[in-house]
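The structure appears below as structure tokens.
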Amino acid sequence: MAQRFTMPVAAQLTGEIVNREPEKCDELSWHPFEALPDNMIPYIRRAIENYRDQAWFSSFGWGEV
């Protein structure tokens, strides 16, 4: 399964985005927080969820802490 790197940005950005590194990235697309794609890199998904939920710290991926 391919994974997707996603980064939260300002809520009002619109327009066409351009993939300037097609050898590294299959697709770029806009998604609302409530409808993130399934094939995201897990720690990026967690970062976006934390941002949305205003959780400024997470130990995701570090096992039992």
Side-chain angles (χ1 to χ4, degrees):
M1 172 190 280
Q3 292 185 328
R4 182 183 304 249
F5 175 86
T6 306
M7 199 167 103
V9 295
Q12 298 301 314
L13 291 179
T14 60
E16 185 176 339
I17 52 178
V18 178
N19 184 359
R20 302 269 186 213
E21 296 184 309
E23 69 283 357
K24 296 180 182 178
C25 177
D26 291 333
E27 178 184 8
L28 299 175
S29 53
W30 300 114
H31 296 274
F33 286 141
E34 302 78 30
L36 296 175
D38 292 331
N39 61 335
M40 290 179 61
I41 297 170
Y43 69 88
I44 299 298
R45 175 180 290 281
R46 177 59 65 90
I48 291 172
E49 291 169 348
N50 287 348
Y51 176 83
R52 178 197 62 204
D53 299 338
Q54 297 182 358
W56 304 113
F57 173 80
S58 176
S59 58
F60 179 79
W62 289 91
E64 294 295 321
V65 177

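Heavy atoms only: backbone and side chains are in, while hydrogens, waters and symmetry mates are out. Fair warning: this is a prediction, and the values are worked out from it, not measured in the lab.
At least one donor-acceptor pair under 3.5 Å links the side chain of Arg45 to the backbone N or O of Pro37.
Heavy-atom contacts from other residues, nucleotides or ligands closer than 6.0 Å to CD of Glu16 number 12 or fewer.
To the nearest 0.5 angstrom, Arg46 atom CZ is 12.5 Å from Ile44 atom CD1. With values rounded to the nearest 0.5 angstrom, Met40 atom CE is found 8.5 Å from His31 atom NE2. Atom OH of Tyr43 sits about 14.0 Å away from atom CG of Asn50, to the nearest 0.5 Å.
The minimum heavy-atom distance between Val18 and Leu28, with the atom names listed, is O-CD1, 3.4 Å.
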